[in-house]
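The next block holds one structure in the form of C-alpha cells; read it before the comments.
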Amino acid sequence: MTLTTIVRPDADAAAAAVPASSAEAVMAIDARKTYGTGDAAVHALDGVTVGFGAGALTAIMGPSGSGKSTLLHCLAGLDTLTDGTVLLGGTDLGVLREKELTRVRRDRIGFVFQSFNLVPTLTAEENITLPLDLARRDVDQAWFDELVDVVGLRTRLGHRPAELSGGQQQRVAVARALVSRPEVVFADEPTGNLDSRAGAEVLALLRRAVREFGQTVVMVTHDAVAASYADRIVFLADGRTVGELIDPEPEAVLDQMKRISR
Amino acid sequence: MFKTTIRNLMAHRVRLLAAALSVVLGVALMAGTFVLTDTVGAAFDELYASVGVGTDAVVRADHAVEGQGEVQRPPVDAALADQLRSVPGVARIEGTVQGYAQFVGRDGKAIGRPGQGPPTLGLNWPSDPRLNPFTLVDGRAPDAPDQMVIDRASARTGGFALGDTVTVLTKDAPRSMVVVGIVTFGGADSPLGASIALFTTTTAQALVGTPGRFDGFSVVAAPGTDQETLVANLRRVLPPGTEAITGAAATAEQQAASRKGLAFFSTFLLAFALIAMFVGSFIIANSFAITVAQRTRELGLLRALGAGRAQVRRAVLAEAAVLGSVASAVGVGAGIGAALGLEALLNAAGFEVPARGLVLQPRSLVAAGVVGWLVTLASALLPARRAGRLSPVTALRDVDLDSTGGSRRRLVLGGAVTTIGLAVLGRGLVAGGDAAAGAVGLGAAVTFVGVAVLAPLLAPPVGRVIGAPLAAIGITGRLAQANGVRNPRRTAATASALMVGVALVACITVFAASGKASLDRVIDDSFRSDLVIDSGARGFGGLSPALATELARVPEVAEVVRVRLARAEVAGAPTMLVALDPAGASRVADVGVQQGAIEALDAHSIAVSTSAATAKGWHLGDTVPVTFASGRQDLRIVAVYANRNVAGDQFIAIAAQEAYDMRLLDAQLYLRYHPGADPAAARRAVDAATAAYPTASAQDLTGFKAERARPIDQMLALIYALLLLAVLIAVIGIANTTALSVHERTREIGLLRAVGMSRRQLRATVRKEAMIVALFGATLGLAVGVGFGWALVRALASQGITELRLPMAPLAVVVVLAGLSGLVAGAGPARRGARLDILRAVRSD
Ligand SMILES: Nc1ncnc2c1ncn2[C@@H]1O[C@H](COP(=O)(O)OP(=O)(O)O)[C@@H](O)[C@H]1O
Ligand SMILES: [Mg+2]
C-alpha cells in the first residue's frame with residue numbers, strides 16, 4: 001500500500017470544480033455553519049467543500065471542536081447549513097421541507113451515534129427494523145437475516161438494549177443503519193465509548209458493509225486506528241478541510257493529526 | 001428556608017401546575033356551593049321575613065303529617081274566625097286557603113311542572129293589606145267568582161295581560177278566569193318561581209280548598225298588643241285540635257323549611273366537590289412524587305451535607321403548604337365566580353332567586369380554602385416521607401427513577417386496604433338509611449385507595465394488553481404500548497385519578513339501568529291496563545276528578561281505576577300512601593294477593609305486603625295505626641299481597657283517602673277498554689276527553705315505561721355533568737404526566753426523529769401513550785364501578801331494584817370517551833415533543 005499524502009490549501013479546495021457528482025454519494029459545497037452572532041459568532045463550518053465517494057468508507061478526522069460533528073449532521077439532514085449546499089445523490093437537502101427531510105433520513109440515510117443509539121423499550125430486532133417500520137415498509141427477510149448474521153446478534157434479537165453490552169448495542173445500531181439499504185451511512189465516533197476489541201468489531205463491520213454490500217460510509221473519529229480502516233481520510237481544522245489521505249496507515253494518520261493540531 | 005421553598009416551586013412550576021389546578025377546581029366547586037347556599041339562604045330568609053311582617057299570629061290545626069319535604073295540616077272550620085275576632089288584642093283575622101292551581105298557556109299546554117319544579121299555587125286574596133304578602137303592580141283585587149290576580153312571572157311567561165281570559169286547572173273542571181290584577185312578591189316576580197293565582201275567598205275554597213274551611217288564620221294584633229300576648233290570649237279560647245303561634249315563629253318555620261331544602265341541594269353539590277378533591281389528591285401526590293424523584297440527587301446531596309430526614313421531609317411539605325395556600329386562595333376566588341354561574345343556572349331553570357348580590361361569609365370561604373389546603377398537604381405526605389427516606393449515597397449513584405420494589409409488600413398492603421374498603425362499603429350498603437351514606441362514601445374512597453396501591457402491579461400486564469391492538473397496527477402504537485407502562489408507579493397514580501371518575505360513572509350507569517329494568521319488569525309483569533294517564537304529580541297537584549268521570553263516560557272505556565297519593569305515617573313511618581279504587585284494581589294491576597281480597601277495601605281498611613306483614617308481625621284482620629293530616633285511624637288489614645313493587649308496602653281505598661286526607665286530585669288513572677273495542681278508536685275517544693286537561697298524558701304501557709324512565713335519565717345526566725369535573729381533573733393529570741415523559745425522553749425522541757420518525761408519527765406516539773394510560777384508568781374504573789353498581793343493586797333489591805343490568809353500550813361509550821380524553825390530554829405534550837430539536841438528542845452527552 002502506498003502512502004499518499006496530499007495536503008491542499010483550502011483556497012484550492014474551494015476553487016476546485018464541483019466533482020463529478022455521479023461518483024460522490026454525498027457532498028458539501030462551500031458549507032458554512034455559524035452559531036451565534038457578532039462577536040460571539042462561532043464558525044463551526046467555514047466554507048467546506050468535500051465529496052464522499054460512493055461505495056467507500058471515508059473517515060473525517062480533526063481536533064476536538066474542528067466541526068466534524070457539525071459537518072456530519074448537516075450532511076445527514078439532521079441540521080441545516082447557514083450557507084452553502086449539501087447534495088445527497090442529486091438532491092439538494094437545503095431546499096427540502098421538514099417532512100421531506102425526515103423521509104430522506106428515514107429512507108436514504110443510516111446513522112450510528114456514539115452512544116444512546118437504541119430505543120430502550122424496543123428489542124434488538126425492533127430497533128433494527130425501526131426505519132422500515134416507520135416507513136411502513138416490509139422487512140426484506142433475506143437481507144435482515146444476512147445482516148443479523150453479519151453483526152452476529154442472532155441469539156440476542158429478543159433482548160432489550162439494557163441487556164446488551166456496549167459493543168452489541170453498537171452492532172445493533174450498525175444493523176439498523178444498514179437495514180433500509182441507505183445511500184449513505186453516517187457514523188459519529190461509533191467506537192468512542194467501546195473498548196478496543198468491541199471497537200474493532202464494529203469497525204470491521206462497517207468495512208465489511210462497504211466491501212461486501214457496496215455501502216457508502218462516512219465516519220467521524222479521532223482515533224487513528226479507527227481511521228485506518230477507511231479508504232480515505234478527510235482532515236478538518238477550525239471548520240475547514242485541511243487535507244486528506246487515501247488508503248491511510250495508522251502512522252501516517254498520527255503524523256497528519258500532529259501536523260494539523262499544531 | 002422559605003426562599004428555597006419558593007425557588008423550588010418556581011423551578012417545578014409546570015409540573016406542579018396540574019396539582020395546583022386540581023386543587024383550584026375542587027376548592028372552587030366547594031366555595032361556589034357555600035357561597036350560593038349562603039346567598040340563596042339569606043335571600044329566602046329576607047323574603048319570608050318581609051312578607052310575614054304584618055302577621056302577628058297564625059292559628060291552625062295542631063297536628064300535621066310530613067312527607068316529601070312538605071308539611072300537611074288539615075283545614076279548620078271557617079266559623080272559628082267569628083269566635084276569635086272578639087279575643088282581646090285581635091285587630092283583624094283572615095282565613096287562608098292554598099292549593100293546586102295551574103295555568104294553561106295560549107298553546108294549550110300547562111305552564112310549569114309542579115312534579116319537578118316550583119309549585120303552581122292557587123290562594124285566596126287577603127283583603128287586609130297587612131296580611132297580603134303580594135303587591136299589586138297592575139289592576140285590582142278579584143271580587144267575582146270568575147276573576148283572578150296572577151303573579152308577574154306567570155304573566156310574562158304566559159303572555160297574559162289584564163282582561164285576558166286564562167284557563168286554570170284545579171281540582172274542579174278546567175275553567176276560564178279573567179285576569180284582573182298582577183302582583184309581585186317581596187320584590188320578586190313570583191315567590192321562588194311558583195306560579196300564583198289569587199281568587200276571592202269563596203272561589204279559592206271551591207277550587208283549591210274546602211268550602212267552609214280554611215287552612216288557617218292570619219291575625220293582626222291591635223296596637224299595643226305584642227305577638228306573645230296575642231298568642232296567649234288566643235290560646236285561652238282555641239278549641240282542641242288547633243294552635244296559635246306568633247308571626248315571628250311562623251316566619252322562622254318557613255325560613256327553616258327553606259334552609260332544609262337548600263341543605264339537601266348543597267350536600268348534593270358538596271359530595272361532588274369532595275369527589276373532585278379526592279381525584280385531585282392523586283394528581284397532587286403524583287406531582288410531588290415526580291418532583292422528588294427528579295431531585296433525588298439534589299436531595300441526596302442535602303442529606304450527605306448533613307440535612308436530617310425530618311428536614312428533607314419538611315422541605316417537601318413546606319412546598320405543598322405554599323402550593324396549597326396559593327391554589328386554595330385562587331380556588332376560593334374562582335368559587336365566587338362559580339356561584340354567580342350557578343345562580344344564573346338556577347334562574348334559567350325557573351327558580352326565581354331574589355337578586356340581592358352574593359353573600360360572602362368568611363366562615364364558608366375559609367372552610368373551603370382550609371379543606372383544599374389540608375387535602376394538598378395530606379396528598380404530599382407520602383412523597384415527603386419518601387424524600388426523607390432517601391439515603392445520602394443516592395446523591396452519588398445514578399438512580400433509576402422508577403423503583404417498583406417491594407411488590408409483595410404492595411400486594412399485601414393494597415389487598416388489605418381494598419378489603420377493608422369493601423367491608424366498610426358493604427356494611428354501609430346493608431345498613432341503609434341516611435347515616436349509612438357516610439359509610440358507603442368512606443368505604444368507596446378506601447377501596448379506591450387500595451386499588452390505587454395495587455395499580456402499579458397491574459399496570460404492566462394490563463397496559464400491555466390494552467396497547468396490544470395499537471402495537472399490532474404500527475410502530476407508533478408499539479412505542480406507545482411500551483412507554484405507557486414504562487414507569488408503572490407513575491402510570492398507576494395517573495390512571496387511578498381517572499379510575500375514580502370512571503368508576504362512579506360506571507356505578508351509577510349500572511344502577512340507573514338496573515332501576516329502569518326493574519321498573520319495566522314491574523310494569524311488564526303486573527300491569528294490565530290498556531292506557532295509563534299520568535299527571536306527573538307526586539304529592540302535589542294532580543288531575544281533577546272531573547277527568548275520571550268524563551273518561552268513565554267514554555263508550556269504549558270499560559273501567560277507570562284512580563290512583564292517589566296521601567301523606568301519612570303508617571305505624572309511625574312517614575310514607576306516600578297509595579290510594580286506589582278497589583273494585584277494578586285487580587283488573588289493571590296484579591299485586592299477587594295471598595290472603596283476603598283487594599275488593600274488600602273500604603274507608604276503614606288497608607292492604608299490606610307480605611314483607612311488611614312479616615316485619616311488623618301483622619296478620620289479616622289486625623289493625624294498623626295510620627296517621628293522616630286529619631288524625632289517627634286504625635285500619636283493618638283486609639288483604640295481604642306478595643308484590644310490593646306495584647304500590648309499595650301498603651295501600652288504601654280512595655274512600656279512606658277522601659275521608660282522612662281530604663285531597664281530591666288524582667295522580668294517575670288506569671283505563672281498561674271494553675273487550676270488543678277498537679283500540680285505535682278508543683284511543684281517539686280518550687284523547688278527545690283529555691284534550692282539555694293538558695297535564696294528563698295518556699300512554700299505553702310501553703309509553704308509560706318510557707315516561708317512568710325519563711326522570712332517571714334526567715338525574716343521570718345531572719350526575720354525569722357533575723362528575724365531569726372529577727374526570728377533567730384526572731385528564732389534566734394525564735396531560736401532566738405525559739408532558740413529563742416527553743420532557744424526560746428528549747434524547748430518545750431526538751433519536752427517533754433522527755432515524756426517520758416524522759413529527760406526525762411522534763405526535764401519534766405520545767397521544768397514544770396518553771390514551772393507554774387513560775384506558776388503563778378506565779379499565780380499573782370500569783372493574784371497580786361495575787362492582788360497586790352490582791353491590792348497590794343487590795343491596796337495594798328489597799327496595800324494588802330487582803333486576804341487575806350491565807348496559808354494554810353506555811359502558812363501552814365510557815371507555816371510548818376515556819380513550820379520547822387520553823388522546824386530547826396527550827395532544828399538548830405531543831405537540832411540544834414534536835417541536836423538540838433533534839440535535840439535542842445527539843449532542844447532549
Ligand atoms: N449548538 C451549538 N451552539 C454553539 N456552538 C456550537 C454548537 N454546536 C457546536 N458548536 C461549536 O461549533 C464548533 C464545532 O463543533 P463540533 O462540530 O461539535 O466539533 P467536533 O465534533 O469536531 O468536536 C465548536 O466550537 C463548538 O463549540
Ligand atoms: Mg463531535
Side-chain angles (χ1 to χ4, degrees), chain A residues 33 35 44 69-70 72-74 76-80 97-123 125-137 139 160-162 173 176-177 179-180 182 185-186 188-189 192-193 220, chain B residues 398 400-402 459-460 463-464 467 470-488 491 741 744-766 768-769 772 831 833-845:
Chain A
K33 178 76 181 179
Y35 293 108
S69 294
T70 305
L72 206 69
H73 294 157
C74 291
L78 290 170
D79 205 351
T80 49
R97 282 172 304 150
E98 162 60 30
K99 217 182 250 176
E100 297 159 332
L101 212 51
T102 300
R103 211 168 303 136
V104 166
R105 284 200 302 271
R106 189 185 72 195
D107 300 334
R108 297 173 60 185
I109 285 172
F111 218 112
V112 181
F113 300 109
Q114 179 175 355
S115 62
F116 207 82
N117 258 307
L118 306 180
V119 179
T121 48
L122 298 182
T123 62
E125 176 168 1
E126 288 169 324
N127 265 291
I128 294 173
T129 58
L130 187 56
L132 300 177
D133 291 336
L134 287 171
R136 297 183 160 279
R137 265 162 45 195
V139 176
R160 271 165 231 284
R176 182 194 63 213
V179 78
S180 58
V185 169
F186 294 100
D188 193 351
E189 307 201 23
N193 279 358
V220 165
Chain B
D398 219 7
D400 186 0
L401 280 186
D402 189 48
R464 260 194 291 281
L470 292 174
I473 295 172
I475 185 68
T476 59
R478 170 75 188 90
L479 286 165
Q481 181 197 31
N483 289 336
V485 296
R486 198 159 170 180
N487 204 322
T491 298
S741 305
E744 285 174 353
R745 293 205 292 264
T746 304
R747 296 193 67 171
E748 189 175 320
I749 288 169
L751 170 69
L752 286 166
R753 296 271 290 120
V755 300
M757 176 176 269
S758 66
R759 287 202 162 128
R760 178 203 293 263
Q761 283 174 317
L762 180 70
R763 284 196 297 265
T765 306
V766 175
K768 285 176 188 167
E769 175 184 341
I772 288 171
R831 234 173 303 121
R835 278 201 303 261
L836 279 179
D837 184 4
I838 302 174
L839 287 175
R840 289 258 298 276
V842 189
R843 277 206 211 101
S844 57
D845 31 41

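Small disclaimer: the values here were computed from a predicted structure and weren't measured.
- For B/R760, the CZ atom counts as loosely surrounded, since its 6.0 Å shell holds 12 or fewer non-hydrogen atoms of other residues, nucleotides or ligands.
- A/T102 and B/G756 make their closest contact through CG2-O, 3.5 Å (heavy atoms, listed as atom of the first residue, atom of the second, distance).
- Atoms CG and CG, on B/L762 and A/L134 in that order, are 10.0 Å from each other to the nearest 0.5 Å.
- Taking CG of B/L752 as the reference point, atom CG of A/L130 lies at 6.0 Å (rounded to 0.5 Å).
- When atom types are taken as modelled, the side chain of A/R105 and the backbone of B/R753 share a donor-acceptor pair closer than 3.5 angstrom.
- Put simply, OG1 on B/T476 and CZ on A/R136 are 6.5 Å apart, with the number rounded to the nearest 0.5 Å.
- The greatest number of non-hydrogen atom pairs below 4.5 Å with chain A, out of B/R478, B/M757, B/R745, is found for B/R478.
- A/R108 does not touch chain B: none of its heavy atoms, backbone or side chain, sits under 4.5 Å away.
- Residue A/R160 places its CZ atom among more than 12 non-hydrogen atoms of other residues, nucleotides or ligands, all under 6.0 Å distant.
- Of all the listed residues (A/T129, A/N117, A/L101, A/V104), the one sharing the greatest number of non-hydrogen pairs under 4.5 Å with chain B is A/N117.
- Note that CD of B/E748 is 5.5 Å distant from OG1 of A/T121, once rounded to the nearest 0.5 Å.
- Taking CG of B/L751 as the reference point, atom CG of A/L118 lies at 7.5 Å (rounded to 0.5 Å).
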